[in-house]
Q: 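One structure is given below, represented as C-alpha coordinates, and several questions about it will come after.
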Amino acid sequence: MLPTPFEFERASTIADAVSAVGQEGDGMFYSGGTELLLAMKMRVIHTERLVDIKGIPGLDRIVLNDANELEIGSRCTHMKIAGDSVIREHVPALASLCANVANVRVRSVGTIGGNLCFGEPHADPPTLLGALDARLVLQGPNGTRSVHADDFIRSELETVREPDELMIVIIFPRPTGPITYRRFKHGERPSVNVGMVWSMEAGAHSIKSARVRVGALGSRPQPLKAVEGVLKGLPVHDAHRAIQSVLAQALDELDVNEDRHGSADYKRHLAGVLLLRNAEEAVAMRGRAT
Amino acid sequence: MTNLHPVSFSLNGQPVEIEIPAHTLLIDLIRDRFGLKGTKRSCDMEVCGACTMLLDGDPISSCTTLAVDVDGKEITTIEGVTPPNGLSRIQNAFVLHGGLQCGFCTPGFIMAVTALLKANPHPTDEEIRHYLHGNLCRCTGYIKIFEAVKSLAAEQVSEDAALPVARQRNFRLETS
Ligand SMILES: Cc1cc2nc3c(=O)[nH]c(=O)nc-3n(C[C@H](O)[C@H](O)[C@H](O)COP(=O)(O)OP(=O)(O)OC[C@H]3O[C@@H](n4cnc5c(N)ncnc54)[C@H](O)[C@@H]3O)c2cc1C
Ligand code: FES
Ligand code: FES
(Lines give C-alpha, C1' and ligand atoms only; values in the text may rest on other atoms or scores of the structure.)
(Ligands and ions follow the chains in the order given, each with its own letter.)
Protein backbone atom coordinates (compact mmCIF):
# COMPACT_ATOMS: atom_id res chain seq x y z
CA MET A 1 0.00 0.00 0.00
CA LEU A 2 1.13 3.54 -0.73
CA PRO A 3 1.46 6.21 1.93
CA THR A 4 -0.74 9.23 1.30
CA PRO A 5 1.21 12.06 -0.40
CA PHE A 6 3.49 14.28 1.66
CA GLU A 7 6.15 16.90 1.15
CA PHE A 8 9.77 15.83 1.46
CA GLU A 9 12.79 17.91 2.33
CA ARG A 10 16.39 17.23 3.23
CA ALA A 11 17.97 19.03 6.16
CA SER A 12 21.70 19.63 6.14
CA THR A 13 22.05 20.94 9.70
CA ILE A 14 20.41 20.10 13.02
CA ALA A 15 18.98 23.63 13.25
CA ASP A 16 17.42 23.35 9.78
CA ALA A 17 15.86 20.02 10.63
CA VAL A 18 14.41 21.32 13.90
CA SER A 19 12.94 24.42 12.32
CA ALA A 20 11.59 22.49 9.33
CA VAL A 21 9.67 20.12 11.60
CA GLY A 22 8.50 22.97 13.82
CA GLN A 23 6.88 24.95 11.00
CA GLU A 24 3.13 25.06 10.38
CA GLY A 25 1.58 21.66 9.81
CA ASP A 26 2.79 18.40 11.23
CA GLY A 27 6.26 17.61 9.97
CA MET A 28 8.23 14.59 11.18
CA PHE A 29 11.88 13.62 11.21
CA TYR A 30 12.69 10.85 8.80
CA SER A 31 15.69 8.59 9.27
CA GLY A 32 15.79 4.97 8.03
CA GLY A 33 12.01 4.96 7.65
CA THR A 34 11.75 1.32 8.73
CA GLU A 35 9.07 2.10 11.34
CA LEU A 36 7.68 5.33 9.96
CA LEU A 37 7.04 4.16 6.40
CA LEU A 38 5.35 0.99 7.64
CA ALA A 39 2.99 3.08 9.77
CA MET A 40 2.41 5.51 6.91
CA LYS A 41 1.68 2.69 4.47
CA MET A 42 -0.83 1.26 6.94
CA ARG A 43 -2.22 4.81 7.24
CA VAL A 44 -1.94 4.84 11.01
CA ILE A 45 0.43 7.82 10.79
CA HIS A 46 -0.04 10.66 8.39
CA THR A 47 2.32 13.58 8.13
CA GLU A 48 2.35 16.54 5.81
CA ARG A 49 6.10 16.75 5.59
CA LEU A 50 9.01 14.39 6.09
CA VAL A 51 12.29 16.03 7.03
CA ASP A 52 15.13 13.72 6.08
CA ILE A 53 17.96 13.84 8.63
CA LYS A 54 20.32 11.47 6.78
CA GLY A 55 22.30 14.33 5.22
CA ILE A 56 23.16 16.00 8.55
CA PRO A 57 26.88 15.47 9.16
CA GLY A 58 28.12 14.15 12.50
CA LEU A 59 25.02 12.28 13.64
CA ASP A 60 26.53 8.90 12.85
CA ARG A 61 29.66 9.17 14.96
CA ILE A 62 30.71 6.62 17.59
CA VAL A 63 33.46 7.69 20.01
CA LEU A 64 34.87 7.14 23.48
CA ASN A 65 35.00 10.73 24.74
CA ASP A 66 37.45 12.45 27.12
CA ALA A 67 35.10 11.84 30.06
CA ASN A 68 35.41 8.06 29.50
CA GLU A 69 31.88 7.87 28.12
CA LEU A 70 30.68 6.24 24.94
CA GLU A 71 28.81 8.45 22.49
CA ILE A 72 26.67 6.93 19.77
CA GLY A 73 25.12 9.29 17.21
CA SER A 74 21.38 8.85 16.84
CA ARG A 75 21.74 8.23 13.10
CA CYS A 76 23.93 5.14 13.54
CA THR A 77 22.35 2.13 11.91
CA HIS A 78 22.12 -1.18 13.73
CA MET A 79 24.57 -2.52 11.17
CA LYS A 80 27.08 0.21 11.92
CA ILE A 81 26.89 -0.28 15.70
CA ALA A 82 27.16 -4.06 15.33
CA GLY A 83 30.39 -3.73 13.37
CA ASP A 84 31.95 -0.75 15.13
CA SER A 85 35.35 -1.48 16.70
CA VAL A 86 34.84 0.87 19.70
CA ILE A 87 31.48 -0.70 20.58
CA ARG A 88 32.80 -4.23 20.06
CA GLU A 89 35.69 -3.52 22.38
CA HIS A 90 33.86 -1.72 25.20
CA VAL A 91 30.23 -2.87 24.95
CA PRO A 92 30.21 -6.19 23.06
CA ALA A 93 26.70 -6.96 24.34
CA LEU A 94 25.38 -3.88 22.52
CA ALA A 95 27.18 -4.88 19.30
CA SER A 96 25.58 -8.29 19.45
CA LEU A 97 22.17 -6.84 20.37
CA CYS A 98 22.30 -4.68 17.22
CA ALA A 99 23.54 -7.60 15.11
CA ASN A 100 20.37 -9.46 16.06
CA VAL A 101 17.73 -6.75 15.72
CA ALA A 102 15.13 -7.52 13.05
CA ASN A 103 16.71 -8.75 9.81
CA VAL A 104 19.67 -7.72 7.67
CA ARG A 105 17.60 -5.27 5.59
CA VAL A 106 16.17 -3.42 8.60
CA ARG A 107 19.63 -3.34 10.17
CA SER A 108 21.25 -1.79 7.12
CA VAL A 109 19.01 1.32 7.20
CA GLY A 110 17.21 1.33 10.58
CA THR A 111 18.83 3.52 13.24
CA ILE A 112 19.16 3.42 17.01
CA GLY A 113 17.63 6.91 17.29
CA GLY A 114 14.63 5.87 15.22
CA ASN A 115 14.20 2.78 17.36
CA LEU A 116 14.16 4.82 20.59
CA CYS A 117 11.99 7.64 19.26
CA PHE A 118 9.32 5.27 17.98
CA GLY A 119 8.80 3.91 21.50
CA GLU A 120 7.77 0.44 20.34
CA PRO A 121 7.47 -1.71 23.49
CA HIS A 122 8.92 -4.86 21.90
CA ALA A 123 12.31 -3.31 21.30
CA ASP A 124 15.84 -4.29 22.30
CA PRO A 125 17.92 -1.10 22.68
CA PRO A 126 15.82 0.69 25.36
CA THR A 127 16.33 -2.20 27.79
CA LEU A 128 20.10 -2.37 27.56
CA LEU A 129 20.49 1.41 27.36
CA GLY A 130 18.45 1.69 30.57
CA ALA A 131 20.77 -0.81 32.26
CA LEU A 132 23.78 1.14 30.96
CA ASP A 133 22.36 4.32 32.53
CA ALA A 134 22.41 6.09 29.17
CA ARG A 135 21.27 9.63 28.64
CA LEU A 136 19.71 10.74 25.41
CA VAL A 137 20.48 14.21 24.14
CA LEU A 138 17.66 16.06 22.39
CA GLN A 139 17.97 19.33 20.55
CA GLY A 140 14.93 21.53 19.99
CA PRO A 141 14.22 25.15 19.10
CA ASN A 142 15.21 26.28 22.60
CA GLY A 143 18.47 24.38 22.93
CA THR A 144 19.44 20.93 24.13
CA ARG A 145 18.39 18.80 27.08
CA SER A 146 19.30 15.33 28.14
CA VAL A 147 16.87 12.65 29.30
CA HIS A 148 17.73 9.40 31.10
CA ALA A 149 16.96 6.37 28.99
CA ASP A 150 14.73 5.14 31.84
CA ASP A 151 12.56 8.26 31.59
CA PHE A 152 12.44 8.59 27.81
CA ILE A 153 9.67 6.18 26.87
CA ARG A 154 6.46 7.29 28.55
CA SER A 155 4.14 4.54 27.37
CA GLU A 156 3.45 2.44 24.32
CA LEU A 157 4.63 4.35 21.21
CA GLU A 158 4.90 7.53 23.26
CA THR A 159 8.06 9.28 24.45
CA VAL A 160 8.82 12.52 26.29
CA ARG A 161 10.34 13.97 23.10
CA GLU A 162 8.56 16.99 21.62
CA PRO A 163 7.80 16.62 17.89
CA ASP A 164 10.42 19.22 16.97
CA GLU A 165 13.18 17.86 19.21
CA LEU A 166 15.80 15.90 17.32
CA MET A 167 17.65 13.15 19.14
CA ILE A 168 21.32 13.87 18.60
CA VAL A 169 23.38 11.41 20.57
CA ILE A 170 23.21 8.63 23.16
CA ILE A 171 25.82 8.80 25.93
CA PHE A 172 26.72 6.36 28.70
CA PRO A 173 29.71 5.74 30.98
CA ARG A 174 32.20 3.18 29.74
CA PRO A 175 31.24 0.04 31.63
CA THR A 176 33.70 -1.27 34.19
CA GLY A 177 32.17 -4.71 34.65
CA PRO A 178 30.25 -7.36 32.71
CA ILE A 179 27.35 -6.30 30.49
CA THR A 180 24.95 -9.08 29.65
CA TYR A 181 21.85 -9.05 27.49
CA ARG A 182 19.45 -11.77 26.43
CA ARG A 183 16.19 -11.81 24.58
CA PHE A 184 13.64 -14.40 23.62
CA LYS A 185 11.48 -14.11 20.54
CA HIS A 186 9.36 -16.33 18.41
CA GLY A 187 8.28 -13.68 15.93
CA GLU A 188 10.09 -10.68 14.53
CA ARG A 189 10.52 -8.75 17.75
CA PRO A 190 11.50 -9.74 21.28
CA SER A 191 8.80 -11.14 23.58
CA VAL A 192 10.97 -10.60 26.63
CA ASN A 193 14.45 -9.20 27.09
CA VAL A 194 16.77 -8.66 30.04
CA GLY A 195 19.84 -6.45 30.32
CA MET A 196 22.19 -6.45 33.32
CA VAL A 197 25.21 -4.23 33.93
CA TRP A 198 27.58 -4.60 36.90
CA SER A 199 29.97 -1.93 38.13
CA MET A 200 32.84 -3.55 39.94
CA GLU A 201 34.87 -2.70 43.03
CA ALA A 202 38.59 -2.29 42.37
CA GLY A 203 40.07 -5.75 41.96
CA ALA A 204 36.83 -6.98 40.39
CA HIS A 205 35.92 -9.50 43.09
CA SER A 206 32.78 -7.74 44.31
CA ILE A 207 29.92 -5.98 42.61
CA LYS A 208 29.77 -2.30 43.54
CA SER A 209 26.33 -1.84 42.03
CA ALA A 210 24.10 -3.54 39.47
CA ARG A 211 21.46 -2.29 37.08
CA VAL A 212 18.90 -4.74 35.77
CA ARG A 213 16.19 -3.89 33.24
CA VAL A 214 13.47 -6.13 31.86
CA GLY A 215 11.93 -5.06 28.58
CA ALA A 216 9.06 -5.88 26.23
CA LEU A 217 6.77 -6.98 29.08
CA GLY A 218 5.01 -3.70 29.79
CA SER A 219 4.95 -0.49 27.82
CA ARG A 220 8.58 0.31 28.71
CA PRO A 221 11.63 -1.34 30.32
CA GLN A 222 11.35 -1.89 34.08
CA PRO A 223 14.04 -2.12 36.75
CA LEU A 224 14.30 -5.21 38.97
CA LYS A 225 14.96 -3.28 42.20
CA ALA A 226 15.04 -6.29 44.50
CA VAL A 227 17.70 -7.93 42.35
CA GLU A 228 19.72 -4.74 42.15
CA GLY A 229 19.51 -4.41 45.94
CA VAL A 230 20.69 -7.92 46.71
CA LEU A 231 23.66 -7.69 44.32
CA LYS A 232 25.07 -4.52 45.82
CA GLY A 233 28.46 -5.15 47.45
CA LEU A 234 28.24 -8.90 46.84
CA PRO A 235 31.20 -11.11 45.84
CA VAL A 236 30.79 -12.20 42.21
CA HIS A 237 30.57 -15.92 42.97
CA ASP A 238 27.56 -15.36 45.27
CA ALA A 239 25.57 -13.46 42.65
CA HIS A 240 23.65 -16.32 41.08
CA ARG A 241 22.37 -17.68 44.38
CA ALA A 242 21.48 -14.21 45.64
CA ILE A 243 19.41 -13.50 42.54
CA GLN A 244 17.54 -16.77 42.96
CA SER A 245 16.66 -15.87 46.53
CA VAL A 246 14.73 -12.74 45.49
CA LEU A 247 13.72 -13.66 41.97
CA ALA A 248 10.12 -14.80 42.50
CA GLN A 249 9.22 -11.67 44.42
CA ALA A 250 11.03 -9.40 41.94
CA LEU A 251 9.26 -10.95 38.94
CA ASP A 252 5.88 -10.61 40.66
CA GLU A 253 6.33 -6.87 40.83
CA LEU A 254 6.69 -6.48 37.07
CA ASP A 255 3.87 -5.03 34.97
CA VAL A 256 3.18 -7.57 32.26
CA ASN A 257 0.92 -7.21 29.23
CA GLU A 258 -0.64 -10.41 28.01
CA ASP A 259 -0.54 -10.42 24.23
CA ARG A 260 0.23 -12.66 21.31
CA HIS A 261 3.74 -13.08 22.74
CA GLY A 262 2.30 -15.01 25.66
CA SER A 263 0.55 -14.94 29.03
CA ALA A 264 1.82 -12.95 32.00
CA ASP A 265 3.04 -16.01 33.93
CA TYR A 266 4.85 -17.37 30.92
CA LYS A 267 6.61 -14.07 30.25
CA ARG A 268 7.61 -13.64 33.91
CA HIS A 269 9.05 -17.12 33.84
CA LEU A 270 11.04 -16.32 30.69
CA ALA A 271 12.37 -13.12 32.25
CA GLY A 272 13.66 -15.15 35.20
CA VAL A 273 15.34 -17.70 32.95
CA LEU A 274 17.04 -14.99 30.90
CA LEU A 275 18.19 -13.14 34.00
CA LEU A 276 19.77 -16.25 35.54
CA ARG A 277 21.55 -17.01 32.26
CA ASN A 278 22.83 -13.44 32.18
CA ALA A 279 24.10 -13.93 35.72
CA GLU A 280 25.89 -17.15 34.78
CA GLU A 281 27.55 -15.35 31.90
CA ALA A 282 28.57 -12.40 34.09
CA VAL A 283 30.01 -14.73 36.71
CA ALA A 284 31.91 -16.61 34.00
CA MET A 285 33.43 -13.29 32.94
CA ARG A 286 34.65 -13.11 36.56
CA GLY A 287 33.46 -9.58 36.87
CA ARG A 288 35.53 -8.35 33.98
CA ALA A 289 34.10 -6.13 31.29
CA THR A 290 34.69 -8.39 28.30
CA MET B 1 -0.83 18.76 -7.19
CA THR B 2 1.96 16.78 -5.57
CA ASN B 3 5.49 18.14 -5.99
CA LEU B 4 7.84 16.14 -8.15
CA HIS B 5 11.39 15.43 -6.98
CA PRO B 6 14.25 14.81 -9.39
CA VAL B 7 16.08 11.58 -8.61
CA SER B 8 19.16 10.33 -10.37
CA PHE B 9 20.83 7.07 -9.52
CA SER B 10 22.62 4.11 -10.98
CA LEU B 11 20.28 1.25 -11.82
CA ASN B 12 22.22 -1.95 -12.41
CA GLY B 13 25.17 0.09 -13.57
CA GLN B 14 23.25 2.40 -15.84
CA PRO B 15 22.69 6.05 -14.88
CA VAL B 16 19.00 6.99 -14.81
CA GLU B 17 17.07 10.16 -14.00
CA ILE B 18 13.42 10.57 -13.24
CA GLU B 19 10.98 12.92 -11.51
CA ILE B 20 8.64 11.38 -8.95
CA PRO B 21 6.34 12.32 -6.06
CA ALA B 22 8.00 11.80 -2.66
CA HIS B 23 5.64 9.01 -1.62
CA THR B 24 6.70 6.74 -4.50
CA LEU B 25 8.05 3.44 -3.20
CA LEU B 26 11.25 2.07 -4.71
CA ILE B 27 9.68 -1.26 -5.68
CA ASP B 28 6.95 0.51 -7.67
CA LEU B 29 9.43 2.77 -9.42
CA ILE B 30 11.58 -0.17 -10.49
CA ARG B 31 8.75 -2.48 -11.49
CA ASP B 32 6.26 -0.07 -12.99
CA ARG B 33 8.32 2.80 -14.38
CA PHE B 34 11.50 0.92 -15.34
CA GLY B 35 9.71 -2.29 -16.21
CA LEU B 36 12.02 -4.57 -14.21
CA LYS B 37 9.58 -7.08 -12.80
CA GLY B 38 12.00 -9.60 -11.31
CA THR B 39 11.67 -8.06 -7.83
CA LYS B 40 8.59 -9.39 -6.01
CA ARG B 41 6.34 -7.91 -3.35
CA SER B 42 4.82 -10.23 -0.80
CA CYS B 43 4.44 -9.14 2.84
CA ASP B 44 4.84 -5.39 2.16
CA MET B 45 6.18 -5.01 5.72
CA GLU B 46 9.94 -5.69 5.67
CA VAL B 47 9.56 -9.23 6.92
CA CYS B 48 9.78 -11.64 3.96
CA GLY B 49 12.64 -10.32 1.80
CA ALA B 50 10.95 -11.04 -1.55
CA CYS B 51 11.51 -7.39 -2.51
CA THR B 52 15.23 -7.31 -1.61
CA MET B 53 17.40 -4.94 -3.67
CA LEU B 54 20.93 -3.74 -2.95
CA LEU B 55 21.49 -0.09 -2.07
CA ASP B 56 25.19 0.65 -2.47
CA GLY B 57 25.70 -3.08 -1.98
CA ASP B 58 23.63 -3.49 1.20
CA PRO B 59 20.29 -5.33 1.18
CA ILE B 60 17.12 -3.28 1.71
CA SER B 61 13.38 -3.92 1.54
CA SER B 62 12.34 -2.04 -1.60
CA CYS B 63 8.68 -2.34 -0.49
CA THR B 64 9.39 0.07 2.35
CA THR B 65 12.00 2.39 0.84
CA LEU B 66 11.18 5.79 -0.60
CA ALA B 67 12.44 6.09 -4.14
CA VAL B 68 13.69 9.64 -3.39
CA ASP B 69 16.13 8.05 -0.94
CA VAL B 70 18.15 6.41 -3.71
CA ASP B 71 19.17 9.75 -5.22
CA GLY B 72 22.92 9.60 -5.91
CA LYS B 73 23.14 5.91 -4.97
CA GLU B 74 23.59 2.59 -6.71
CA ILE B 75 20.66 0.23 -6.92
CA THR B 76 21.12 -3.39 -7.93
CA THR B 77 18.15 -5.63 -8.71
CA ILE B 78 17.91 -9.28 -9.67
CA GLU B 79 18.16 -8.22 -13.33
CA GLY B 80 21.53 -6.65 -12.56
CA VAL B 81 23.06 -9.87 -11.26
CA THR B 82 21.69 -12.10 -14.03
CA PRO B 83 24.03 -12.72 -16.98
CA PRO B 84 22.65 -12.05 -20.49
CA ASN B 85 22.80 -15.76 -21.19
CA GLY B 86 22.44 -18.56 -18.67
CA LEU B 87 22.65 -18.19 -14.94
CA SER B 88 25.04 -16.66 -12.45
CA ARG B 89 27.09 -18.78 -10.12
CA ILE B 90 24.62 -18.14 -7.29
CA GLN B 91 21.54 -18.83 -9.41
CA ASN B 92 23.14 -21.99 -10.71
CA ALA B 93 23.77 -23.25 -7.19
CA PHE B 94 20.10 -22.74 -6.32
CA VAL B 95 19.07 -24.80 -9.35
CA LEU B 96 21.61 -27.56 -8.71
CA HIS B 97 20.60 -27.93 -5.06
CA GLY B 98 16.86 -27.58 -5.61
CA GLY B 99 16.81 -24.31 -3.66
CA LEU B 100 13.58 -23.17 -5.29
CA GLN B 101 10.15 -24.47 -6.08
CA CYS B 102 7.58 -21.80 -6.96
CA GLY B 103 10.43 -19.31 -7.23
CA PHE B 104 8.62 -16.33 -5.74
CA CYS B 105 11.14 -15.84 -2.94
CA THR B 106 14.14 -16.61 -5.15
CA PRO B 107 15.04 -13.13 -6.48
CA GLY B 108 15.13 -11.87 -2.89
CA PHE B 109 17.30 -14.77 -1.75
CA ILE B 110 19.69 -14.30 -4.68
CA MET B 111 20.11 -10.62 -3.77
CA ALA B 112 20.68 -11.39 -0.10
CA VAL B 113 23.20 -14.13 -0.94
CA THR B 114 24.94 -11.75 -3.35
CA ALA B 115 25.43 -9.24 -0.53
CA LEU B 116 26.45 -11.93 1.95
CA LEU B 117 29.13 -13.45 -0.28
CA LYS B 118 30.47 -10.05 -1.21
CA ALA B 119 30.95 -9.15 2.46
CA ASN B 120 32.02 -12.62 3.47
CA PRO B 121 32.98 -15.03 0.65
CA HIS B 122 33.28 -18.05 2.97
CA PRO B 123 30.57 -17.73 5.62
CA THR B 124 30.19 -20.40 8.30
CA ASP B 125 26.93 -22.35 8.60
CA GLU B 126 25.92 -20.11 11.47
CA GLU B 127 26.71 -16.96 9.49
CA ILE B 128 24.64 -18.19 6.54
CA ARG B 129 21.63 -18.89 8.77
CA HIS B 130 21.94 -15.60 10.60
CA TYR B 131 22.20 -13.56 7.41
CA LEU B 132 19.34 -15.26 5.61
CA HIS B 133 17.00 -15.48 8.58
CA GLY B 134 15.01 -12.51 7.25
CA ASN B 135 14.20 -14.12 3.89
CA LEU B 136 11.12 -16.32 3.97
CA CYS B 137 10.36 -19.26 1.71
CA ARG B 138 7.06 -21.06 1.87
CA CYS B 139 8.06 -23.99 -0.36
CA THR B 140 11.51 -25.41 0.16
CA GLY B 141 11.77 -25.74 3.93
CA TYR B 142 15.09 -23.85 3.68
CA ILE B 143 17.39 -26.88 3.82
CA LYS B 144 18.03 -26.89 0.11
CA ILE B 145 18.56 -23.14 0.02
CA PHE B 146 21.03 -23.52 2.85
CA GLU B 147 22.84 -26.30 1.00
CA ALA B 148 23.06 -24.17 -2.13
CA VAL B 149 24.64 -21.31 -0.21
CA LYS B 150 26.92 -23.66 1.68
CA SER B 151 28.23 -25.04 -1.60
CA LEU B 152 29.05 -21.48 -2.69
CA ALA B 153 30.71 -20.69 0.63
CA ALA B 154 33.05 -23.65 0.15
CA GLU B 155 34.10 -22.65 -3.38
CA GLN B 156 37.38 -20.93 -4.10
CA VAL B 157 36.72 -18.44 -6.83
CA SER B 158 38.83 -15.69 -8.30
CA GLU B 159 37.95 -12.12 -7.35
CA ASP B 160 36.31 -11.39 -10.71
CA ALA B 161 34.29 -14.54 -10.92
CA ALA B 162 33.18 -14.27 -7.30
CA LEU B 163 30.20 -12.16 -8.17
CA PRO B 164 28.30 -11.60 -11.33
CA VAL B 165 29.06 -8.12 -12.60
CA ALA B 166 26.06 -5.85 -12.98
CA ARG B 167 25.71 -5.28 -16.66
CA GLN B 168 24.26 -2.45 -18.63
CA ARG B 169 20.69 -2.91 -19.65
CA ASN B 170 18.40 -0.89 -21.77
CA PHE B 171 15.39 0.06 -19.76
CA ARG B 172 11.98 0.57 -21.10
CA LEU B 173 10.76 3.69 -19.37
CA GLU B 174 7.01 3.76 -19.04
CA THR B 175 6.00 7.35 -19.52
CA SER B 176 2.39 7.13 -18.44
C1 LIG C 1 10.40 -6.42 10.47
C2 LIG C 1 10.97 -5.64 11.61
C3 LIG C 1 11.54 -6.28 12.68
C4 LIG C 1 12.05 -5.56 13.76
N5 LIG C 1 12.61 -6.24 14.79
C6 LIG C 1 13.14 -5.55 15.83
C7 LIG C 1 13.76 -6.22 16.92
O8 LIG C 1 13.90 -7.43 16.94
N9 LIG C 1 14.22 -5.47 17.95
C10 LIG C 1 14.15 -4.11 17.95
O11 LIG C 1 14.59 -3.46 18.88
N12 LIG C 1 13.59 -3.45 16.91
C13 LIG C 1 13.09 -4.14 15.87
N14 LIG C 1 12.53 -3.46 14.83
C15 LIG C 1 12.52 -2.00 14.88
C16 LIG C 1 13.76 -1.37 14.24
O17 LIG C 1 14.82 -1.40 15.16
C18 LIG C 1 13.40 0.04 13.90
O19 LIG C 1 12.50 -0.06 12.80
C20 LIG C 1 14.52 0.98 13.47
O21 LIG C 1 15.61 1.00 14.34
C22 LIG C 1 13.94 2.38 13.36
O23 LIG C 1 14.91 3.28 12.89
P24 LIG C 1 14.63 4.18 11.61
O25 LIG C 1 15.84 5.01 11.42
O26 LIG C 1 14.21 3.37 10.46
O27 LIG C 1 13.41 5.07 12.14
P28 LIG C 1 12.30 5.84 11.32
O29 LIG C 1 11.27 4.88 10.85
O30 LIG C 1 12.91 6.75 10.32
O31 LIG C 1 11.70 6.74 12.49
C32 LIG C 1 10.96 6.19 13.56
C33 LIG C 1 10.39 7.33 14.42
O34 LIG C 1 11.43 8.04 15.07
C35 LIG C 1 11.48 9.39 14.65
N36 LIG C 1 12.90 9.68 14.54
C37 LIG C 1 13.83 8.97 13.84
N38 LIG C 1 15.06 9.43 14.10
C39 LIG C 1 14.92 10.45 14.98
C40 LIG C 1 15.83 11.32 15.64
N41 LIG C 1 17.16 11.24 15.45
N42 LIG C 1 15.33 12.24 16.48
C43 LIG C 1 14.01 12.34 16.69
N44 LIG C 1 13.10 11.55 16.11
C45 LIG C 1 13.55 10.61 15.25
C46 LIG C 1 10.67 9.48 13.39
O47 LIG C 1 10.05 10.74 13.27
C48 LIG C 1 9.65 8.38 13.62
O49 LIG C 1 8.60 8.84 14.42
C50 LIG C 1 12.01 -4.15 13.75
C51 LIG C 1 11.45 -3.49 12.65
C52 LIG C 1 10.93 -4.21 11.59
C53 LIG C 1 10.33 -3.47 10.44
S1 FES D 1 7.61 -7.49 0.36
FE2 FES D 1 9.21 -6.27 1.16
S3 FES D 1 9.96 -7.49 2.76
FE4 FES D 1 8.23 -8.60 2.12
S1 FES E 1 10.29 -21.30 -3.62
FE2 FES E 1 8.22 -20.81 -3.24
S3 FES E 1 8.38 -19.36 -1.65
FE4 FES E 1 10.38 -20.04 -1.86
Q: Among B/Leu132, B/Thr24, B/Val68, who wins on heavy-atom pairs under 4.5 Å with chain A?
A: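 With the most close heavy-atom pairs to chain A, the winner is B/Val68.
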
Q: For B/Cys48, which atoms come within 4.5 Å of any heavy atom of chain A: side chain, backbone, both, or neither?
A: backbone

Q: Would you call B/Asp58-A/Arg105 a salt bridge at under 4.0 Å N-O?
A: no

Q: Sort A/Met79 into side chain, backbone, both or neither according to what part of it lies under 4.5 angstrom from a heavy atom of chain B.
A: side chain

Q: For side-chain contact (heavy atoms from CB on, under 4.5 Å), just list the numbers for B/Leu25 and A/Lys41, CA-CA rounded to whole Å, side-chain angles, deciding distance to a tenth of an Å, and then say yes or no.
A: CA-CA 10 Å; B/Leu25 297 169; A/Lys41 289 200 301 183; 3.8 Å; yes

Q: Kindly indicate, with the supporting measurements, whether the criterion side-chain contact (heavy atoms from CB on, under 4.5 Å) is fulfilled by B/Thr52 and A/Val104.
A: CA-CA 10 Å; B/Thr52 306; A/Val104 64; over 6 Å; no

Q: For A/Phe8 and B/Ala22, work out which heavy atoms get closest and say how close.
A: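 Closest approach of A/Phe8 to B/Ala22: CB-CB, 3.4 Å.
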
Q: Considering all heavy atoms of both residues, which atom of B/Asp28 and which atom of A/Leu2 are nearest to each other, and what is their separation?
A: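 In this case the closest contact between B/Asp28 and A/Leu2 is OD2-CD2, 4.1 Å.
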
Q: Of all of A/Gly33, A/Pro3, A/Pro5, which one pairs up most often with chain B through heavy atoms under 4.5 Å apart?
A: A/Pro5

Q: Counting only heavy atoms closer than 4.5 Å, note whether A/Leu36 contacts chain B via side chain, backbone, both or neither.
A: neither

Q: Below 4.5 Å from any heavy atom of chain B, which atoms of A/Thr34 appear? Answer side chain, backbone, both or neither.
A: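 Both backbone and side chain.
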
Q: Does the side-chain contact (heavy atoms from CB on, under 4.5 Å) test come out yes or no for B/Asp44 and A/Met42, once each step is laid out?
A: CA-CA 10 Å; B/Asp44 205 18; A/Met42 287 188 264; over 6 Å; no

Q: Counting heavy-atom pairs under 4.5 Å to chain A, which of B/His130, B/Met45, B/Arg41 comes out on top?
A: B/His130

Q: Please determine, by modelled atom types, if B/Asp69 and A/Tyr30 share a side-chain donor-acceptor pair under 3.5 angstrom.
A: yes

Q: So do the side chains of A/Asp52 and B/Leu66 get within less than 4.5 Å of each other, counting heavy atoms only?
A: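 Contact flag for A/Asp52/B/Leu66 side chains = no.
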
Q: Regarding B/Asn3 and A/Glu7, is there a side-chain donor-to-acceptor distance under 3.5 Å anywhere?
A: yes

Q: Checking A/Asn103 side chain against B/His133 main chain: does a donor-acceptor pair fall under 3.5 Å?
A: no

